[in-house]
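So the structure is just underneath, and the comments pick up after that.
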Amino acid sequence: MESNAAVRVRFSEVIFMMDMKSVESKWQAKWEKSKQNVFNKKNIDKKLYVLEMFSYPSGAKLHVGHWYNYGPTDTYARFKRMQGYEVFQPMGFDAFGLPAENYAIKTGIHPKDSTEKNIATMEQQLRNMGAMFDWSAEIKTCEENYYKWTQWLFLQLYKKGLAYRKESLVNWCPSCETVLANEQVIDSKCERCGSVMLRKDMTQWFLKITDYAEELLSDLDKIDWPEKTKLMQKNWIGKSTGCEIHFDCETGDDITVFTTRPDTVFGVNYVVLAPEHPLVDKLKEAHPEKADAIDQYVRYAAEANDIDRLSTAREKTGVFTGAYATHPLTKKKVPIYLADYVLYSYGTGAVMAVAAHDERDYAFAKKYGIPVTQVIQKAGGETILPYCEDGILVNSGIFDGLSGEEARDAIAVHLTKIGKGGKKVNYRLRDWSVSRQRYWGAPIPMIHCEKCGVVPVPEKDLPVKLPYDVEFRPTGKSPLASHAGFMKCTCPKCGGKASRDPDTLDTFVCSSWYYLRYPDAHNDKQAWSPELINKMLPVDVYVGGSEHACMHLLYARFITKALRDMGYVNFDEPFKRLVHQGIILGPDGNRMSKSHGNVVSPDTYIEEYGSDMFRLYLMFGFSYTEGGPWSDDGIKSVAKFADRIERLVRKSLELSGGHSNMTSAEKNVNYTKHYAIKNITRDVEAFSFNTSIARLMEYVNALQKYDAEVAEKNVTFYKDCIKDLIRMIAPFIPHFAEELWQVYGNKNSVFDESYPLFDEKALVKDETEYAVQVNSKIKAKIMIPEGLSDDDIRDTVCAYPEIAEAIAGKTIRKCIVVKGRLVNLIVG
RNA sequence: GCCGAAGUGGUGGAAUGGCAGACGCGACGGACUCAAAAUCCGUUGGUAGUGAUACCGUGUGGGUUCAAGUCCCACCUUCGGCACCA
């Protein structure tokens, strides 16, 4: 940032009476000592669980993103505290994971050492932020007393049948040398390092999130989350309602296909199997003359990487197997093809192809010279093939003439009757793959015994400790596999020789339940006390980035529901309300990154202005949920604002005197105050910090004007106003306000004060300015006394010279009065 | 390709269908000062006019309404998500 030097010179000219640095550290120490941010279980009936997504302990210091997440949310939490809630706002570290291990591979520094060091630095920075974090409940997921319970969670899932092992094609990142879950693959690339993913056949642990697909979808209606996020989850779950249809294969096997368009079933021209489909081998046996071609195609499909394979622009390829299937309704023979545009992992891995009414099937049929049979006609128009919309059925036997919707139902019913299929729901969501071939994670608490097979580690033997002395340089195998001391164990069932599972759990497993641990973070008998947790949860407000919409936020919902079904918790959803902060971009409008060279560090600003001013600017300069490009134009202005408050406060202290009646000057200040309180109360609740601060500024402006203009100040009134001002700014600039609160002679903490309440009566004015329109055009602004009827208001404005002139000689056809705002006279 | 969100002064951003541009930044003018900084007081959407004022203005084009930044339709641009899901 080349402007820094200039900025420094310019800004150092702002004179602070208050030395923010020492004021901040003073209050941080006092708050820590008085334990005022430690949750008091006695007040559990007034609890408010405010949670920010915990952070990954990276080597870099806190960045603007952390600040933007934690600073404003702390303001929300402090505000709620002043409203009388017992706020629980914990903080911790998502400490396992790939970056620490990759860093270790590069530098040789052990992940445990670098992680601990990073945590120490970040903890200090987080403390310096001056947020109300309850450090007594801190969690680090890499510590034994935490991952012991992560392993316990895995065992419970296993007992319940929600954790299982299977061989399957998985996403393999060649650079990170591990498997990733579908959610962690973005555009066929690794979420972390950007490498193009490969597909690999491996035996892996999976969590059965698909068992909860329907509930994860339907319960979205119950939670107060951004609609955008709910929609993303909805699409990710991808429910589609259709039909399963059985085709008899000439080998005597059944080919089941899934379709959302059973109304097109009479138009089936061929059947397609995914190249990985288990029936392929049998078809080869039945048609040895095609075996070579089939093998060649299967190999071709297997070698294509995901980017190529998933590209819609790619030309359709496939191979005829030589075999035929029998259409369940027409009894005609249709050819069976293999083609990789059919995915083995979705539905049944087989598709009925209707060339006339599906773009992909149409393109494939044209290429391979397969006939096209039209069975849907566009209602009242010419049908151009492929026609993929709904229409009227033709060439469909007894179903001719039905609409798409009628036909889908009728054909499904018919298929059920003749035993050839029926209605079926499919989800796009896949089970969550959780095995990672990496070192820095929670070991999977499973044992492989030659005699007994897979055996869970008994709960009493937890945790399965992660050894320190491990060669973590990648070999394509799990690093733990080559640690003899770790791997060697005895089978808990038969006592024979056995070995441990060498893989570790996806770190998203660790973060899928951490919010449950915070309230009972030191419990060494159980993961949590159900009695306590059922009172503390769900989290009332959860704040974090939207990039977790289909990962962490979905996993956490799943785990909560699974735990509920096992009886460990009694609520359905972990996060009642969710708020996403926006993203602060670099000054150039791009995402901040080292490669863009546009990273803005909070440190320079905090050094100059203190953490209060930095947080105040983050709240004032951006719309919270939008974010935007960084610019430091406004940071000076918020510092100036605070400076003005301080001068006002100190000056008012010097006043002495009594009080007199409220004149219009006092009434005006009072109005501005109550207007501010009313709006701040509403806006902070909505995380609309910028408008809240605007109201504070208006109030300060009003006080300053009062101070400057009124010679005989109503001192009692004025000092009360100043005291309220300090209370009002407290959640926004906590150290600063606490200091002023003491300067004003108070002994208690300002955060033990109540946030001022507004009085509707103070907001009632004697008269209000109305915009008066004639035929919807503004002609005048007129002060109208309170309490007039609509008719009186009309008469009042009509008597006004400007209005009288504008309506002279015309008749009033209509008069619209919007109370407190506007009058519209329609004349003609 | 599909789904979603957004587009407002020089600028960050405000506006339960009811006075567009709150509150700031910047700019301009003034007070204070030997001078500057800081501070304080004004002005500040555009065009025309000395002026009161008039007209035009929320991406573009239509529409609904007494009244549209806000609702509806079409389009353009940007961003986010999904992407051969049958």
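Treat the numbers as computed from the prediction; the structure is a model and nothing was measured. Residue numbers start from 1 in every chain, and the chains themselves are labelled A, B, ... in the order their sequence lines are given, proteins ahead of strands.
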Looking across every strand, which nucleic acid part, if any, lies under 4.0 Å from [X] by heavy atom: base, sugar-phosphate, or nothing?
X	answer
A:Gly627	sugar-phosphate
A:Phe641	nothing
A:Gly621	sugar-phosphate
A:Arg813	nothing
A:Arg682	nothing
A:Glu227	nothing

How far does the [atom1] atom of [N] sit from the matching atom of [M], given to the nearest Å?
N	M	atom1	answer
B:rG21	B:rG45	C1'	8 Å
B:rG81	B:rG10	C1'	34 Å
B:rA22	B:rA15	C1'	8 Å
B:rA35	B:rG30	P	13 Å
B:rC72	B:rG17	C1'	13 Å
B:rA27	B:rU11	P	15 Å
B:rC66	B:rG59	C1'	27 Å
B:rC34	B:rC28	P	24 Å

Self-check item: Derivation of the side chain to side chain donor-acceptor pair (under 3.5 Å) call for A:Thr373 and A:Asn269
Solution: CA-CA 7 Å; A:Thr373 316; A:Asn269 303 105; 2.8 Å; yes

Report the distance from atom [atom1] of [X] to atom [atom2] of [N], rounded to the nearest whole Å.
X	N	atom1	atom2	result
A:Asn690	B:rC25	CG	C1'	14 Å
A:Leu822	B:rU16	CG	P	16 Å
A:Tyr341	B:rA83	OH	P	19 Å
A:Lys228	B:rA6	NZ	C1'	10 Å
A:Leu231	B:rG80	CG	P	17 Å
A:Phe258	B:rC84	CZ	P	16 Å
A:Ile680	B:rC23	CD1	C1'	12 Å
A:Arg428	B:rC82	CZ	C1'	7 Å

Which nucleotide, if any, forms a Watson-Crick or G-U wobble pair with [N], using both distances under 3.5 Å?
N	answer
B:rG51	none
B:rC32	none
B:rG18	B:rC66
B:rG4	B:rC79
B:rC23	B:rG12

Quiz prompt | Parallel, tilted or perpendicular: ring planes of A:Phe364 versus A:Tyr341, cut at 30 and 60 degrees | solution =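 Correct class here is tilted.
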
Exercise. Answer syn or anti for B:rG9, where the cut-off is 90° from 0 on the glycosidic torsion.
Key: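 Base orientation relative to the sugar is syn.
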
Practice problem: Could I get the full list of side-chain contact (heavy atoms from CB on, under 4.5 Å) partners for A:Lys713, not counting sequence neighbours? | Solution: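 A:Lys713 satisfies side-chain contact (heavy atoms from CB on, under 4.5 Å) with A:Leu655, A:Tyr706, A:Asp707, A:Val710, A:Tyr718 only.
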
May I ask you to evaluate whether [X] reaches the phosphate of [N], defined as a side-chain N or O under 4.0 Å from OP1 or OP2?
X	N	result
A:Gln704	B:rC40	yes
A:Arg591	B:rC79	no
A:Ser240	B:rA86	yes

Between the base of [N] and the side chain of [X], is there any donor-acceptor pair under 3.5 Å?
X	N	result
A:Lys814	B:rC66	no
A:Asp633	B:rC25	no
A:Lys636	B:rC25	no

Quiz item: Is the closest side-chain heavy-atom distance between A:Thr260 and A:Thr241 below 4.5 Å?
Solution: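 Side-chain contact under 4.5 Å: no.
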
Self-check item: Salt-bridge contact A:Arg408-A:Glu405 (side-chain N to carboxylate O under 4.0 Å)
Solution: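 Salt bridge between A:Arg408 and A:Glu405, a charged N being under 4.0 Å from a carboxylate O: no.
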
Quiz item: In terms of side-chain geometry, is the basic nitrogen of A:Asp643 or A:Arg647 positioned less than 4.0 Å from the acidic oxygen of its partner?
Solution: yes

What's the closest nucleotide to the side chain of [X] if the choices are [options]?
X	options	value
A:Lys777	B:rC56, B:rC19, B:rC82	B:rC56
A:Ser637	B:rA86, B:rC25, B:rU39	B:rC25
A:Thr259	B:rC66, B:rC3, B:rA86	B:rA86
A:Asn701	B:rG24, B:rG13, B:rA86	B:rG24
A:Ile778	B:rA20, B:rG18, B:rA86	B:rA20
A:Arg647	B:rU39, B:rA86, B:rG18	B:rU39
A:Ser623	B:rG18, B:rC23, B:rG13	B:rG13
A:Val818	B:rG18, B:rA83, B:rA22	B:rG18
A:Glu769	B:rA22, B:rC19, B:rA86	B:rC19

Quiz item: So which one's nearest nucleotide on RNA chain B is more toward 5', A:Ile826 or A:Ala771?
Solution: A:Ala771

Exercise. Find which nucleotide of RNA chain B each of A:Lys781 and A:Gly349 is nearest to by heavy atoms, and output the residue with the more 5' nucleotide.
Key: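 Here A:Lys781 is the residue nearer the 5' end.
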
Quiz item: Looking at A:Tyr297 versus A:Tyr300, is the centre-to-centre ring distance below 6.0 Å?
Solution: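 Ring-ring flag for A:Tyr297/A:Tyr300: true, centres closer than 6.0 Å.
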
Quiz item: Can you list the residues that meet the ring-ring contact (aromatic ring centres under 6.0 Å, His included) rule with A:Tyr624, with sequence neighbours excluded?
Solution: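 With neighbours one apart ignored, the set is A:Tyr68, A:Phe687, A:Phe689.
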
Practice problem: Please check if any side-chain donor atom of A:Asn690 sits under 3.5 Å from a side-chain acceptor atom of A:Ser623, or the reverse. | Solution: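 On atom types as modelled, these side chains do not qualify, holding no pair under 3.5 Å.
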
